Amino acid sequence: MENVLKKITNYKWELPKTYKKGMKVPAYFYINRELMDILERDAVEQAANVATMPGIQYASLVMPDVHVGYGFPIGGVAGFDAEEGVVSPGGVGFDINCGVRVLRSNLTVDEVRPKIKELIDELFVAVPSGVGSEGRLRVTDDELDEIFVKGAEWAVRNGFGTKEDLKHCEENGCLEGGRGDVVSKKAKNRGKPQLGTLGSGNHFLEVQYVEKIYNEEAAKVMGLEEGMVTVMIHCGSRGLGHQVCTDSLEVLNRAVRKYHISLPDKQLACAPIKSREGEDYFAGMAASANYAWANRQIITHWTRETFEKIFGSDLGMDLIYDVAHNIAKFEEHYVNGEKMKLCIHRKGATRAFGRNSKELPEDYTKIGQPVLIPGSMGTASYILLGTEKAMKETFGSTCHGSGRVMSRAMAKRKLRGSRVKDELARKGIYVRATHGAILAEEAPQAYKLSDVVVDVVHNAGISLLVARLRPIGVAKG
DNA sequence: ATGTTC
């Protein structure tokens, strides 16, 4: 790809807007040479396609964990003028508000390791997982409608966690504008029994420890020390968000014709933000995002209960932060020196706001927003900080994880789940999964090294390393 | 990611 991408720095490359007819802005790729070698041609085309969309501002942005997605690349960020621009389900993804949160604890890895099997087995029961899995609670239609509007706050109000948790969620765990009236009966029926479940695929609940601290000051503010046990929860809006996305694609395919929007790829289906179709998609997307925040909040509560059952009380399991990886939202950013209201789409990308952003809770105002980057199963996860450079260059955004290099089908052909489990055990990681195939699909070999991805965003300056977290136990669907 | 080819 080096013949089409122009080097700006060792970590930033430009695809000029002359690359493809109709591009309104260039695309910027945050990658290094190593990632350039595995960059998919189709992902480059997708980033160029996004640059042609109505109302796009500044650039189509690509993070180092990029791979081909539905319409937009996964690892893509795009900002559209809030008045003249569009909103697109392909720019959010099927798993609306797939996201990550991390809890700290007062426990050390030496205290937890001897009990890791018992702990993970208990967590595996306390937090249901797997495709189509159903949860331990049943909500009514009215409650579901409230969750669509209130997000994590509904969960806290109903006994799952604390008000302090809400302050440590992006958007306080609630995206404004969620509405149940635009969510189909089918989506609601899928979502109702799945609240409080982990799901499948790359979703997980992981017990980790802080292996290395890169930034003492920030780590202190987050309450992190080397050797301390942390818990990472990675999941999304389950069948509900998936159904909302599917339903909306039908509507927006029609809207593309109705509003005479010219697109290089049907998968970029979108509607003007100010149209009925666009507003309804946003409301359903926000409702799904809020369901996902309630979901992670409920799982957090059961995680704390399980830890207390095994290790007793006063474990200090505070929520460090919760970030969305798949979401669209209205934000203000500077474009060519002018403040603009934009609809920022982050698909497989993380908000990474710098210090003094008004969106941050008081304790993080001085250091910047915690950015949580899950590893693939068995590999390190990272905590970073958002930066002022990200505010200037990437609409305050960074990478979201390690990104696939092997398809699920390929991984199942090449790898055996039992063998993956044994390999992880040798590395001191106990894994509990619903079935062997998931271990093959999610094996470390199927993913880019998160270390490389994180190295790129750190060196590019769009987020900065704070801590590396090493897994000791994983529960997977 | 996903009642994993509704």
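Given the structure is predicted, the values throughout are model-derived calculations rather than measurements. Here is how names work: the chains are called A, B, and so on, in the same order as the sequence lines, proteins then strands, and each is numbered from 1.
Rounded to whole Å, atom C1' of dC6(B) lies 11 Å from atom NE2 of His242(A). In this structure, Phe94(A) places its CZ atom 13 Å from C1' of dT4(B), rounding to the nearest Å. Taking atom CZ of residue Arg238(A) and atom C1' of nucleotide dT4(B), one finds them 12 Å apart after rounding to whole Å. Between the CG atom of Leu240(A) and the P atom of dT2(B) there is a distance of 12 Å, given to the nearest Å. Tyr70(A) has its OH atom 17 Å from the C1' atom of dT4(B), to the nearest Å. Here dT4(B) presents its C1' atom at 14 Å from CD of Gln243(A), a figure rounded to the nearest Å. Rounded to an integer number of Å, the gap from Lys476(A) NZ to dT4(B) P is 19 Å. In this structure, Asn189(A) atom CG and dT2(B) atom C1' are separated by 16 Å, rounded to whole Å.
Using a 4.0 Å heavy-atom distance criterion, Gly236(A) is classed as making no nucleic acid contact. Residue contacts for Lys186(A): at a heavy-atom cut-off of 4.0 Å it reaches a base atom on one of the strands shown. Counting any heavy atom pair closer than 4.0 Å across all strands shown, Ser200(A) reaches sugar-phosphate atoms only and no base atom. Contacts of Gly93(A) with the nucleic acid, taken as non-hydrogen atoms under 4.0 Å apart, are absent. Gln194(A) comes within 4.0 angstrom of sugar-phosphate atoms only, judged by non-hydrogen atoms across all strands, and of no base.
Annotation: of the two residues near DNA chain B, Lys412(A) and Cys98(A), the 5′-most nearest-nucleotide partner is Cys98(A).
Taking the six-membered ring for Trp, Tyr11(A) and Tyr30(A) have ring centres at least 6.0 Å apart. For Tyr364(A) and His168(A), the gap between ring centers is short of 6.0 Å.
Ring pair His242(A)/Phe94(A) is tilted by interplanar angle, where 30° to 60° counts as tilted.
The side-chain contact (heavy atoms from CB on, under 4.5 Å) with Thr379(A) is formed by just one residue from the set Pro374(A), Pro471(A), Ser450(A); it is Ser450(A). Each of Phe282(A), Phe72(A), Tyr281(A) was compared with Val92(A) under the side-chain contact (heavy atoms from CB on, under 4.5 Å) criterion, and only Tyr281(A) meets it.
Put simply, Arg408(A) has no side-chain N or O that comes within less than 4.0 Å of OP1 or OP2 on dT4(B).
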